[in-house]
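All values derive from a computational prediction rather than experimental measurement.
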Amino acid sequence: MSSYLGALGAFTASITWAFASTRYSAVAKQRGAVLVGVVRALTASLLWLTLLAFNDGLGSLAQITGVQALTLIGSIVCSYALGDRVFFAASAQIGVPSALAIATIYPLWAALFGTFVRGEPLGLRRIVGIACCLAGVSAVLWMSRGPTLQRTGSLWLGGALALLTSLFWAGNAVLLKQGTDGLSVFQANGFRYSVGVFLLLAQWRPSQHKVAPRQLLREMRVPLTLDTGIGSMCFVYGIAHTDLALGATLSSLSPLVALPVAAVMRTERVTVGKAAAVCLTLAGVILLVTTA
């Protein structure tokens, strides 16, 4: 039962990120990406430290071993400090959709690590399922390219940076899996986001766009609730209670989930090709879940 709940948690994390990332992107264009990241990490750390105090107690952070602390810090570095920054550099070279299409293969690296290092089962059905998910999501992203999102730099440099991004994002999933063994979701998130605050504050510089804290919180209240509350809990639980092939793949489907959302909001037109890509990805999800 826990494996199915873990699969549901990983997929739910992708749903919350599909909604939250849209708003984050809009606010970041006006306020700056680093400031948005600082607010997100600060809100999450305060939330999870409060939840930790009422559940396991703040003293339970002492139960985190040195090895676990290093792996959890590594997961934050791979996602916040390195992965996202390299991705932005890649998108500047080849555009956001193209960079995402390449970086989306990160569940493949996580699955291979789980199989060859952790001894997790793979099998033909799961290989086909992963391939269908990656192909479907990549197809959606490629077909979402607009006339203003063309390549503006080096194709080879952008592709290499996007590939490097996929390795960092895979490292986040792998290290999170390693670091959460024996920890509750409150301990893991309380520690990770607290470290994330310091990492992002080290990168932050006073923005030229002045904004009152209350105004910024109003602008971000919905994505902060979805992402730092529901999404982060589901992601950590999903990675901790599934193997890497399943958890990493299901948590990477945000671009796919965002497609029907955009269609409902009439911000993107759904074509036959995109619908076919959705069906292909859903087939991959079914294969993954039925072999969990």
Side-chain angles (χ1 to χ4, degrees), residues 9-10 13-14 16-17 20-21 24 28 32-52 56 58 60-90 103 106-107 109-110 113-114 161 164-205 220 223-224 226-242 244 247-248 251-252 254:
S14 72
T16 60
W17 182 245
S21 60
Y24 281 149
V34 176
L35 179 59
V36 170
V38 169
V39 174
R40 177 191 174 204
L42 182 59
T43 302
S45 63
L46 291 175
L47 169 65
W48 287 105
L49 287 175
T50 301
L51 292 173
L52 177 64
D56 304 324
L58 292 177
S60 65
L61 289 175
Q63 299 173 7
I64 299 177
T65 66
V67 173
Q68 287 177 320
L70 288 176
T71 53
L72 291 175
I73 292 172
S75 74
I76 285 291
V77 171
C78 283
S79 57
Y80 277 41
L82 294 178
D84 291 349
R85 292 179 71 93
V86 173
F87 171 73
F88 293 145
Y106 81 87
W109 312 130
F113 181 91
L161 290 173
L164 183 59
T165 300
S166 73
L167 294 174
F168 282 132
W169 286 353
N172 175 42
V174 168
L175 291 171
L176 184 61
K177 178 70 173 179
Q178 300 285 94
T180 53
D181 286 342
L183 298 180
S184 70
V185 66
F186 306 107
Q187 290 171 300
N189 274 343
F191 182 82
R192 289 175 72 247
Y193 280 112
S194 296
V195 172
V197 170
F198 291 102
L199 288 175
L200 288 166
L201 282 175
Q203 304 174 38
W204 182 71
R205 297 293 182 272
M220 296 178 61
L224 284 174
L226 291 173
D227 174 39
T228 63
I230 301 172
S232 59
M233 176 181 288
C234 291
F235 179 68
V236 173
Y237 183 87
I239 293 295
H241 290 82
T242 62
L244 286 167
S251 63
S252 71
S254 296

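- Without hydrogens or angle criteria, Gln63 side chain to Leu183 main chain gives no donor-acceptor distance under 3.5 Å.
- Taking the side chain as every heavy atom from C-beta outward, Leu82 and Leu164 never approach each other to under 4.5 Å.
- Summarising the geometry, atom CG belonging to Leu226 is positioned 11.0 Å from atom OG belonging to Ser232; distances are rounded to the nearest 0.5 Å.
- In this structure the side chain of Leu72 reaches within 4.5 angstrom of the side chain of Leu176, judged on heavy atoms.
- With sequence neighbours left out, Arg192 forms a salt bridge (charged side-chain N to carboxylate O under 4.0 Å, His left out) with no residue at all.
- Contact record, Ser14 with Ser251: CB-O, 3.8 Å, taken as the closest heavy-atom pair.
- Looking at every heavy atom in both residues, Tyr106 comes nearest to Ala170 through O-CB, 3.5 Å.
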Any chance you could lay out the side-chain contact (heavy atoms from CB on, under 4.5 Å) test for Thr16 and Cys234, step after step, and finish with the verdict?
CA-CA 9 Å; Thr16 60; Cys234 291; 5.9 Å; no
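- Summarising the geometry, atom CG belonging to Leu49 is positioned 12.0 Å from atom OH belonging to Tyr193; distances are rounded to the nearest 0.5 Å.
- The shortest distance between side-chain heavy atoms of Phe191 and Ile73 falls below 4.5 Å.
- Rounded to the nearest 0.5 Å, atoms CZ (Phe186) and OG1 (Thr50) are 11.5 Å apart.
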Evaluation steps, side-chain contact (heavy atoms from CB on, under 4.5 Å), between Leu224 and Val39:
CA-CA 9 Å; Leu224 284 174; Val39 174; 4.2 Å; yes
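- Listed here is the closest heavy atom pair of Ala103 and Trp169: CB-CZ3, 3.6 Å.
- Across Ala110 and Val174, no two heavy atoms sit closer than the pair CA-CG2, 4.2 Å.
- Pairing each heavy atom of Ala248 with each of Ile239, the nearest pair is N-CD1, 4.0 Å.
- Atoms OG1 and CG, on Thr65 and Leu70 in that order, are 8.5 Å from each other to the nearest 0.5 Å.
- The CD1 atom of Ile76 sits 11.5 Å away from the OG1 atom of Thr71 when rounded to the nearest 0.5 Å.
- The backbone N or O of Ser60 lies less than 3.5 Å from a partner atom in the side chain of Gln187, making a donor-acceptor pair.
- Taking every heavy atom of both residues into account, Ala41 and Leu200 meet most closely at CB-CD1, 3.8 Å.
- Using modelled atom types, no side-chain atom of Trp48 and backbone atom of Met233 make a donor-acceptor pair closer than 3.5 Å.
- Between the side chain of Thr165 and the backbone N or O of Phe87 there is at least one donor-acceptor pair closer than 3.5 Å.
- Taking 4.5 Å as the limit, some side-chain heavy atom of Leu175 sits within range of a side-chain heavy atom of Cys78.
- Residues Phe235 and Asn172 are in side-chain contact: their nearest non-hydrogen atoms beyond the backbone lie under 4.5 Å apart.
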